[in-house]
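What follows is a set of notes on a single structure, which appears directly below.
Positions are given from 1 along the sequence. Order of listing sets the numbers, starting from 1, for every ligand and every atom in it.
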Amino acid sequence: MTNTDLKALELLFQRPLEPVFTTRDSGRTVLELPDSFYTDRYRNDTEEVGNRFSKDVDLKIPIQELASVPNLDFTKKLGPKNQFSLFNDRHREIASQLITLFMGAPNLRQFVSLSVYTKDRVNPVLFQYAYAVAIAHRPDTHEVPITNISQIFPSNFVEPSVFRDARQEASVIDNSGARVHLDIPRNYTASDREDEQRLAYFREDIGVNSHHWHWHLVYPTTGPMEVVNKDRRGELFYYMHHQILARYNVERFCNNLKRVQPLNNLRAEIPEGYFPKILSSVNNRTYPARVSNQLLRDVDREDAKIELSEVERWRDRVLAAIDQGYVEDPSGNRTPLDDVRGIDILGNMIEASPVLSINSNFYGNLHNEGHNIISFAHDPDQRHLEEFGVMGDVTTAMRDPIFYRWHGFIDSVFNKFKSRLAPYSAAQLNFDGVSVDYIEAKIGKSNTKANTLLTYWQKSSADLAAGLDFGPSADGNILASFTHLQNAPFTYTFNVTNSGAKRTGTCRIFICPKVDERNQPLRLEDQRLLAVEMDKFTVDLVPGVNTIRRQSTESSVAIPFERSFRPVGADYQPTAADELARFRFCGCGWPQHLLLPKGTAQGMLFDLFVMISDYSQDSVQQNNTPNDACSTAYSFCGLKDKLYPDRRTMGYPFDRRLPNANLTELVGAFGNMAKTDLRIVFNDRVIDKA
Ligand code: CUO
């Protein structure tokens, strides 16, 4: 790959709504298009337009003619100003064809040309999605970093009045180099009359929403098989969203709210309203709101038709399959839903992926159509010409309280399947001759108490300028500051005695709430569903006592703030090839600043649970190195182009019933497990990032 190919591909993530011939890279670079690339609108003025933008640039990147010009008619069903939804069948079909087209470009240079040619001819959000999927999966684009979605379409993530300020500032400060901080307000979507508002810091967190977008980008439901058919993707759909639910429920306990009520009755009013206030980038309108006590209705629109009864029928068939213990393909062949493959089959069938579902005619498209019905609740028959609400878009869905009720229902279906499996046996849980004798988690400073962790508010800033179309030309001088939850970094220390020969184990760390919303102790059967995965890593155990130390910042579920909001542009990228590969894949991962739940001012008690399992039962045969691209967040995101690196079912040991009544009995019965009380104290102060 030459540097200019790399650069051209990167530049296409910038200024998604501006024509492709305008300057990019802070006015320094322009793409030189063959005349045939100009759309009809500019075709008669190609010379003038080309000259105007290439006048003062440092670099002109010539774009090669296309060997064969694609027919893009299939994309026309989605207009340039329409919203694009991954949950919408027609949109997904268009995206799938576009991804296939991008994946099929014969070489890198032609891929660049194809992308440049396509950019102004299709819906901009559709383009950015299909383009990013292709970059993530083409073997020749490994080195191209995918710009975080919050930087491409910042208006989907932050309160819109900030952008007016941004443009104003840009016109006054020009290129003097002065940096302007724009403050994104907190708590702008509702007042505290709305109880759900207590969770806004979680639902509207930029890192949470961009993680969710990135996950769906890495695990699309349609497209060429080599893109869609990833190892255990259905299971990971279940597990990643299950963990979101566990985290959200625990977060609710911290805020004095009861657990999410799964949305299992589509005919009942939805008490939770949501007024998102954010702007859609493509049409400059705010995302539609949903009033309190809205009823869901059949959707009958040009762009979507779904009946509630259809979704209910699919739901009943899926539940019947779980009760019967098998699924049927279109020819009537039965596949048992066993303890190893069952969850993966169900994940792909319920989400659903039309290419991986065992029988999409019969089991339908349960989860996606639920998103759709909810997202059109405000205008189901299009009489008001409104587009879908935030639930229709993976970049914004997690902002709405209803997301957690719908996913709460989907999760309850998966949990129902898991609870039908036999409880884990002693043989599946123990690790003979290994005992965990001591565990603690402690903040780094010397005078802190063990097992008391701390959260607080932090003010950080991110450069969101790449996506500010027609905005300031010099990026880097407009920084958006926002306030988010943060935790003080801490270290786990475990003492593990190995009474056998040298061997390897997998260390699994969870935190579980101890009491429910009424302050009643949780039974293990409830606690396991609320267990929050904190970390997972392999440990080598020598004979005798081993002391294991691990930093909270090394967690296998999370990525650091800097990776979620890295500055874009070649200047900021690592140069070593392996570092680059990691940088590129690594936008997927739970935000490190939300690794710990908020806790409470008085301190909220949790069980810190650790288990060392037998690595010979966990390991997967593949070249496994700790430096794999983005090995840091593999629990939620897998490893790029590899098998999921833990053979146990995801969530082990809490994904199935356990042979004991409570956690104390469980750790008493198995020496390779231990727990201790952990207190999370929340300090209600805003601390500026150093
Ligand atoms: Cu991620 Cu419903 O699957 O939003």
Side-chain angles (χ1 to χ4, degrees), residues 83-89 91-92 95 125 129 132-133 149 156-157 202-205 207-222 228 230 232-248 260 262-264 266 272 274 276 287 290 296 304 306 311 314-315 318 343-344 346-354 356-357 364-377 388-415 557 587-591 633 635-638 650:
Q83 291 271 55
F84 166 71
S85 170
L86 269 184
F87 300 118
N88 181 302
D89 274 349
H91 296 190
R92 281 196 309 181
V125 187
Y129 169 71
V133 172
I149 189 72
N156 290 22
F157 289 83
F202 181 99
R203 287 187 278 103
E204 291 163 7
D205 184 86
V208 161
N209 284 283
S210 59
H211 159 68
H212 185 234
W213 162 80
H214 210 119
W215 190 92
H216 282 278
L217 181 87
V218 179
Y219 293 97
T221 52
T222 51
V228 177
K230 296 204 171 82
R232 294 167 74 184
R233 92 165 280 299
E235 183 179 8
L236 195 51
F237 169 77
Y238 142 74
Y239 185 61
M240 198 284 288
H241 290 86
H242 169 82
Q243 278 294 307
I244 287 178
L245 255 292
R247 286 179 167 274
Y248 190 67
V260 163
L263 185 66
N264 45 21
L266 298 174
E272 299 87 354
Y274 186 64
Y287 277 83
R290 186 184 58 255
L296 299 178
I306 321 133
V311 176
W314 295 333
R315 174 195 67 193
V318 168
I343 188 70
D344 193 45
L346 285 174
N348 286 328
M349 179 178 119
I350 291 173
E351 187 182 0
S353 163
L356 298 178
S357 170
N365 192 7
L366 180 59
H367 150 266
N368 289 330
E369 294 294 28
H371 270 272
N372 285 329
I373 284 190
I374 295 165
S375 77
F376 285 124
F388 54 76
V390 289
M391 266 294 270
D393 187 339
V394 290
T395 57
T396 53
M398 288 185 69
R399 307 175 84 85
D400 188 334
I402 198 70
F403 173 92
Y404 305 86
R405 292 197 56 207
W406 179 239
H407 268 278
F409 161 68
I410 295 293
D411 197 46
S412 73
V413 175
F414 290 125
N415 293 339
V557 304
C588 188
W590 191 250
S635 287
F636 283 6
C637 301
M650 298 177 198

Checklist entry - Parallel under 30°, tilted from 30 to 60°, perpendicular over 60°: which one fits the rings of Tyr239 and His242? => result parallel
Next on the checklist: If we only consider heavy atoms of Phe87, is any one of them less than 4.0 Å away from an atom in ligand 1?
Outcome noted: yes
Checklist entry - With under 30° as parallel and over 60° as perpendicular, where do the rings of His371 and His367 fit, or are they tilted in between? => result perpendicular
Checklist entry - Mind checking whether His211 and Phe636 have parallel, tilted or perpendicular rings, split at 30° and 60°? => result tilted
Next on the checklist: Could you tell me, atom by atom, which parts of ligand 1 come under 4.0 Å of a heavy atom of Phe403?
Outcome noted: 4 (O)
Checklist entry - What is the ring orientation for His91 with Phe84, classed by angle as parallel under 30°, tilted 30 to 60°, or perpendicular over 60°? => result parallel
Next on the checklist: Any N/O/S atom, side chain or main chain, of His407 closer to atom 1 (Cu) of ligand 1 than 2.8 Å?
Outcome noted: no
Item to check | Metal check, atom 2 (Cu) of ligand 1 vs His241 N/O/S, cut-off below 2.8 Å | outcome: no
Checklist entry - Contact between Phe237 and ligand 1, counting heavy atoms under 4.0 Å? => result yes
Checklist entry - Using the ring of each side chain (for Trp, its six-membered ring), is Phe202 parallel, tilted or perpendicular to Tyr248, with breaks at 30° and 60°? => result tilted
Checklist entry - For ligand 1, which atoms have a heavy atom of His367 less than 4.0 angstrom away? => result 2 (Cu), 3 (O), 4 (O)
Item to check | Minimum-distance N/O/S atom that His371 presents toward atom 2 (Cu) of ligand 1 | outcome: NE2
Item to check | Where ligand 1 meets His216 - atom numbers and elements under 4.0 angstrom, heavy-atom basis | outcome: 1 (Cu), 3 (O), 4 (O)
Item to check | Parallel, tilted or perpendicular: ring planes of Phe388 versus Phe376, cut at 30 and 60 degrees | outcome: perpendicular
